[in-house]
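As the structure lists them, so they are numbered: ligands from 1, and atoms in each ligand from 1. Every value quoted in this text rests on a predicted model; they were computed, and no experiment measured them.
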Amino acid sequence: MLMTGTEYIASLRELNTRVYLFGEKIENWVDHPMIRPSIDCVAVTYDLAHQEEYADLMTVKSSLTGKRINRFNHLHQSTDDLMKKVKMQRLCGQKTASCFQRCVGMDSFNAVFSTTFEIDQAHGTAYHKNFVEFLKMVEEADLVVDGAMTDPKGDRSLQPSKQRDPDLFVHVVERRPDGIVVRGAKCHQTGSINSHWHLVMPTQAMKPEDKDYAVSFACPSDADGLYMIYGRQSCDTRKLEKGADVDLGNKKFGGQEALVVFDDVFIPNAYIFMDGETDFSGMLVERFAGYHRQSYGGCKVGVGDVIIGAAALAADYNGAAKASHIKDKLIEMTHLNETLYSCGIACSAEGNQTKAGNYQINLLLANVCKQNVTRFPYEIVRLAEDIAGGLMVTMPSEADFKSEMPVGRRGETIGEICNKYFAASADCTTEERMRVLRFLENICLGSSAVGYRTESMHGAGSPQAQRIMIQRQGNLEGKKQLAKAIAGIE
Ligand code: SF4
Ligand code: FE
């Protein structure tokens, strides 16, 4: 069954998800003005799947059931599937100019699927079957799942079992015949509040003494003992202003992050995918991170397309479009954006089949992809701000532009004065100019910067995490041999 966006939003109302924001419990979080744009953003991943022109990108035949499913719930079956994933993410980025949140689930499905297969081979466990049954349910009901990896981590110099507070990494506190009880939290969880389920994975490679921390499982978002504290974003309270529209920049869509707390949550055996196999913790992390680093070669590129378009519009409206330096800056932005895309496509095209049968990306190229994402969006944003001009951060509010209060000697209103002095090219209204500048403000340093600029740095792992992988995968010894052979060194 493929849900529509409307059906998806209705399905969230059925859940008893516990959400806290500004120190209070939010009962109707689905309609909360600060949260709703992020829900509408996920809804786009449902609605696009019903559009004929995007059917090939957004939907696919399930490898588990043969039924048509949303690609966000798919196990990649080929390098073509991997490339289509990136194209789907670019499309969703273009349509939302935001983080549409559903990729973390998709990336965790593919990582947990292949890793559980290999754990079972090594340890004689039955996690893979558990996971396949779980994923069939997710595919069938067309659910959103939060792939939850990042623990708070406390003192970074200490491993999980050596922390002052044992809860700084999610861990098993009790083992019963029918399941386990887990405690801890996952930080900056993208799309966690509007997910139906959570798929928890360990956050780093573990040592044998960290056994209780090497745990992976699924649980409903409203499981007993689970609650979430919403992350605030720059300029987020603008969404609470009466009649907010132009000042929001992106009125329709946004991302969301939250602290997800597991306060002694019971997990039945059927939903456990790892419990104590510390030797596979690193593999699961590496695979999930690899997929998510590939993802950024799609989603951030789609958002980049909108930013380039907005910068070009700002230039048009300012009457500056013909200046050669403006044209050159737009070329540079395009070059950077397409370079990110090239890496997303390359790590997909060079993917390979796992032992479990699904496909994974080329890990070296996926890490190069994300490393570029930690830099290029900053340069794209810098150029966008350069082209837009300082007005994007100095302009009066929407309320001033709309104000009918008389202020001038000749009886002009505040709105008339604002419109008079901020008018530019005759090809646009002052409001259109405001809209595009507010959009750039929002994406460069407002609430959408969470999903574009800063997320480009830290999402899917901070830059150093990729450099470690690049070092590991870079085959320096092989390269030395190449040099020796050419230079005539025995
Ligand atoms: Fe998807 Fe990108 Fe958001 Fe990650 S940052 S969930 S890849 S849209
Ligand atoms: Fe992200």
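Of the possible polar contacts, none joining the T45 side chain to the C41 backbone as a donor-acceptor pair under 3.5 Å is found.
Within the listing of ligand 1, atoms 7 (S) sit less than 4.0 angstrom from a heavy atom of S295. Near F100, meaning under 4.0 Å from one of its heavy atoms, ligand 1 places the atoms 8 (S). Interface of K300 with ligand 1, defined as ligand atoms under 4.0 Å from a residue heavy atom, comprises 2 (Fe), 5 (S). For ligand 1, the atoms closer than 4.0 angstrom to any heavy atom of Y296 are 4 (Fe), 5 (S), 7 (S).
At the shortest separation from atom 1 (Fe) of ligand 1 among protein heavy atoms lies C103 SG, 2.2 Å. Looking only at protein heavy atoms, the nearest one to atom 2 (Fe) of ligand 1 is C299 SG, 2.3 Å. Of all protein heavy atoms, the one lying nearest to atom 5 (S) of ligand 1 is E455 OE1, 2.9 Å.
Annotation: the span from S448 atom OG to F253 atom CZ amounts to 11.0 Å, rounded to 0.5 Å. Rounding to the nearest 0.5 angstrom, the gap separating the CZ atom in F131 from the OG atom in S114 is 9.0 Å.
At least one N, O or S atom of C99, from either the backbone or the side chain, sits less than 2.8 Å from atom 3 (Fe) of ligand 1. Metal site remark for atom 1 (Fe) of ligand 1: H292 contributes no N, O or S atom at a distance under 2.8 Å.
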Assess the residue pair H128 and F273 against the criterion (ring pair (Phe, Tyr, Trp, His ring centres under 6.0 Å)); give the C-alpha distance rounded to whole Å, side-chain angles, the decisive distance to 0.1 Å, and a yes or no.
CA-CA 7 Å; H128 191 67; F273 313 129; 10.0 Å; no
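Other residues, nucleotides and ligands contribute at most 12 non-hydrogen atoms within 6.0 Å of the NZ atom of K67.
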Could you list the donor-acceptor pairs under 3.5 angstrom formed between side-chain atoms of residues 22-29 and any protein atom two or more places apart in sequence or on another chain?
residue	atom	partner	partner atom	Å
N28	OD1	D31	N	3.3
N28	ND2	D31	OD2	2.9
W29	NE1	T17	O	3.3

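A cation-pi arrangement is present between R102 and Y46, with the terminal nitrogen or guanidinium carbon under 6.0 Å from the aromatic centre and inside a 45° cone about the axis.
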